[in-house]
Visitor: 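Structure incoming, see below.
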Number of protein chains: 2
Amino acid sequence: MPSASASTIVFEQPCPIRDVLDRIGDQWSLLVLEALAQRTKRFNELHREIGDVSRQMLSRTLKRLEEDGFVSRTVYAEVPPRVEYALTDLGRSFLGPMQQLVEWADANHWAICQARLQARAKQRN
Amino acid sequence: MPSASASTIVFEQPCPIRDVLDRIGDQWSLLVLEALAQRTKRFNELHREIGDVSRQMLSRTLKRLEEDGFVSRTVYAEVPPRVEYALTDLGRSFLGPMQQLVEWADANHWAICQARLQARAKQRN
DNA sequence: CAGTATCCGATGCGATACTG
DNA sequence: CAGTATCGCATCGGATACTG
């Protein structure tokens, strides 16, 4: 358990869900987690697989996921360099709730689109 | 002002999960949905209950939730005006996955904070 | 009571170019 | 191969003031 002084820093987030949303609410984190759910992967492997993401954003995303303990980064002292990314236990434990979310999104995507169309139609009147 | 091609955007979403994350990934939507999960509420009621949110952002958040079909808005022709917000069927169907996410966040908030502290400690070395 | 208008700083993200 | 540096635009979100 954290000490009293540490806890004042650690718990400055008033709402736990913010930690999670700040991490997965961005453009790429979820796609990265999904890609790593299968197995450990390398940087350019992820880059090819996700496709749309720039190296810049993939790098930032991985760094934040690593900082927050979702992903581990292992560097092998080789030439050319090899870096492997994998889910941590924390990251794997997140796959469950995440999958629920993804399934809901798949099932209700069209309903959301319909609602948007109706809202826009109403606005034009 | 919306651009001329705005309506085309609706169908340009390649990935369903983006619709969901764009909606709940923001600062306030989830809190609003939680507040409305109990029962229908009025604008200032939500404002008082959520507390930190400005009228500005509460208004925007509710509008987006309404546009995406999560929330319904009913205006009663009275003086003073009364406006009630409620979850739609779509909004209610989202409570399940959302609760999963919130529970995971509660359970793992501490682990995330720990990971952040360790990452920061590593950076200082 | 239930909002909207305006301004402004912080952050997100892409494009491009460069590096060990 | 695996990144980082820099630039620039768009969006997010708070503060404040105003409105029907």
Side-chain angles (χ1 to χ4, degrees), chain A residues 13-15 17-19 21-32 35-36 40-68 71-86 123, chain B residues 1-6 9 12-15 17-19 21-32 35-36 40-68 71-86 123:
Chain A
Q13 283 276 15
C15 186
I17 191 70
R18 286 255 52 83
D19 289 331
L21 290 181
D22 288 348
R23 195 53 44 238
I24 68 159
D26 63 21
Q27 201 76 34
W28 303 111
S29 292
L30 217 79
L31 290 175
V32 170
L36 290 179
T40 293
K41 279 171 190 170
R42 302 175 62 172
F43 185 86
N44 277 343
E45 204 175 350
L46 288 167
H47 187 232
R48 275 191 306 274
E49 205 164 306
I50 300 179
D52 283 341
V53 71
S54 63
R55 279 201 173 76
Q56 166 75 281
M57 284 312 300
L58 180 57
S59 176
R60 287 187 198 176
T61 301
L62 285 167
K63 189 158 289 182
R64 279 184 303 209
L65 286 172
E66 190 196 355
E67 274 177 21
D68 285 5
V71 161
S72 69
R73 176 175 180 274
T74 310
V75 185
Y76 296 88
E78 302 175 356
V79 178
R82 180 162 60 100
V83 182
E84 294 199 333
Y85 294 91
Q123 265 193 341
Chain B
M1 215 162 55
S3 69
S5 61
I9 293 173
E12 270 175 13
Q13 284 280 12
C15 182
I17 190 69
R18 285 255 52 83
D19 289 331
L21 290 180
D22 287 349
R23 195 53 43 241
I24 70 159
D26 64 20
Q27 200 76 37
W28 302 113
S29 292
L30 217 81
L31 290 174
V32 169
L36 290 178
T40 292
K41 279 169 190 172
R42 302 176 61 175
F43 185 84
N44 277 343
E45 203 174 349
L46 288 167
H47 187 232
R48 275 190 307 274
E49 207 166 306
I50 299 180
D52 284 340
V53 71
S54 64
R55 278 200 174 75
Q56 167 74 281
M57 284 314 297
L58 180 56
S59 176
R60 287 189 200 173
T61 302
L62 284 166
K63 189 157 289 180
R64 278 183 303 206
L65 286 172
E66 191 197 354
E67 275 178 18
D68 284 5
V71 161
S72 69
R73 177 176 179 272
T74 312
V75 185
Y76 296 89
E78 301 176 358
V79 178
R82 180 162 60 103
V83 181
E84 294 200 328
Y85 293 92
Q123 267 194 340

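Atom set for the values below is all heavy atoms of this structure, side chains included, hydrogens, waters and symmetry mates excluded. The sequence lines fix the lettering, A, B, ..., with proteins before strands; numbering per chain opens at 1.
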Visitor: Measure CG/A:Asp52 against P/C:dG14 and give the value in whole Å, please.
Guide: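 About 8 Å, once rounded to whole Å.
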Visitor: A:Glu45 CD to D:dG3 P: how many Å, rounded?
Guide: 13 Å
Visitor: Does A:Glu78 reach a base, just sugar-phosphate, or nothing at all? Heavy atoms under 4.0 Å.
Guide: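 Nothing, no heavy atom under 4.0 Å.
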Visitor: Say you draw a straight line from CG of B:Leu62 to CZ of B:Arg60; how long is it, rounded to the nearest 0.5 Å?
Guide: 12.5 Å
Visitor: Taking atom P of C:dT11 as reference, at what distance in whole Å does atom CG of B:Asp22 sit?
Guide: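 It is 20 Å, rounded to the nearest whole Å.
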Visitor: What's the separation between atom CG in A:Leu58 and atom CG in A:Leu65, rounded to the nearest 0.5 Å?
Guide: 9.5 Å
Visitor: What's the separation between atom CG in B:Leu46 and atom CD in B:Glu84, rounded to the nearest 0.5 Å?
Guide: 10.5 Å
Visitor: Of the candidate nucleotides C:dC13, D:dA2, D:dG13, which contains the atom at the shortest distance from the side chain of A:Arg60?
Guide: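 For A:Arg60, the side-chain atoms sit closest to C:dC13.
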Visitor: For a quick check of understanding: with a heavy-atom distance under 4.0 Å over all strands, which category does A:Arg42 fall into, base, sugar-phosphate or nothing?
Guide: sugar-phosphate
Visitor: Starting at atom CZ of B:Arg64, determine the distance to atom C1' of D:dC12, rounded to an integer number of angstrom.
Guide: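 B:Arg64 atom CZ is separated from D:dC12 atom C1' by 8 Å.
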Visitor: Using OP1 and OP2 only, check whether a side-chain N or O of A:Arg55 sits under 4.0 Å from C:dA15.
Guide: no
Visitor: Rounded to the nearest angstrom, tell me the gap between atom CG in B:Leu46 and atom C1' in C:dC1.
Guide: 13 Å
Visitor: Quick one: is A:Lys63 getting a side-chain N or O under 4.0 Å of the D:dG3 phosphate, OP1 or OP2?
Guide: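 Checking D:dG3 against A:Lys63, no side-chain N or O comes under 4.0 Å of OP1 or OP2.
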Visitor: Of the nucleotides C:dG14, C:dC1, D:dG3, which one has an atom closest to the side chain of A:Ser59?
Guide: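 Closest of the options to the side chain of A:Ser59: D:dG3.
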Visitor: Mind checking which stems touch DNA chain C? I mean at least 3 consecutive Watson-Crick or G-U pairs, both distances under 3.5 Å.
Guide: C:1-20 with D:1-20
Visitor: Expressed as a whole number of angstroms, how long is the span from A:Leu62:CG to D:dC1:P?
Guide: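 The distance from CG of A:Leu62 to P of D:dC1 comes to 16 Å, rounded to the nearest Å.
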Visitor: If you check the A:Met57 side chain, which of C:dG14, D:dT6, C:dG3 turns out closest?
Guide: C:dG14
Visitor: Would you mind reading off the distance between B:Phe43 atom CZ and D:dG20 atom P, rounded to a whole angstrom?
Guide: 17 Å
Visitor: Of the listed nucleotides (D:dG13, D:dG3, C:dG14), which one gets closest to any side-chain atom of B:Asp26?
Guide: D:dG13
Visitor: Within this structure, what is the CZ-to-P distance between B:Arg23 and D:dT11, rounded to whole angstrom?
Guide: 13 Å
Visitor: Starting at the 5' end of DNA chain C, which residue's closest nucleotide do you reach first, B:Asn44 or A:Pro81?
Guide: B:Asn44
Visitor: Just to confirm, is there a sub-4.0 Å distance from OP1 or OP2 of C:dG3 to any side-chain nitrogen or oxygen of B:Arg73?
Guide: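 It does, given that an N or O in the side chain of B:Arg73 lies less than 4.0 Å from OP1 or OP2 of C:dG3.
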Visitor: Nearest to the side chain of B:Trp28 - D:dG14, C:dG14, D:dA2?
Guide: D:dG14
Visitor: Looking at A:Gln56, I'd like to know whether one of its side-chain N or O atoms comes within less than 4.0 Å of OP1 or OP2 on C:dG14.
Guide: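 For C:dG14, OP1/OP2 do not have a side-chain N/O of A:Gln56 under 4.0 Å.
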Visitor: Considering every strand and a 4.0 Å limit on heavy-atom distances, what is the contact class for B:Tyr85: base, sugar-phosphate, or nothing?
Guide: sugar-phosphate
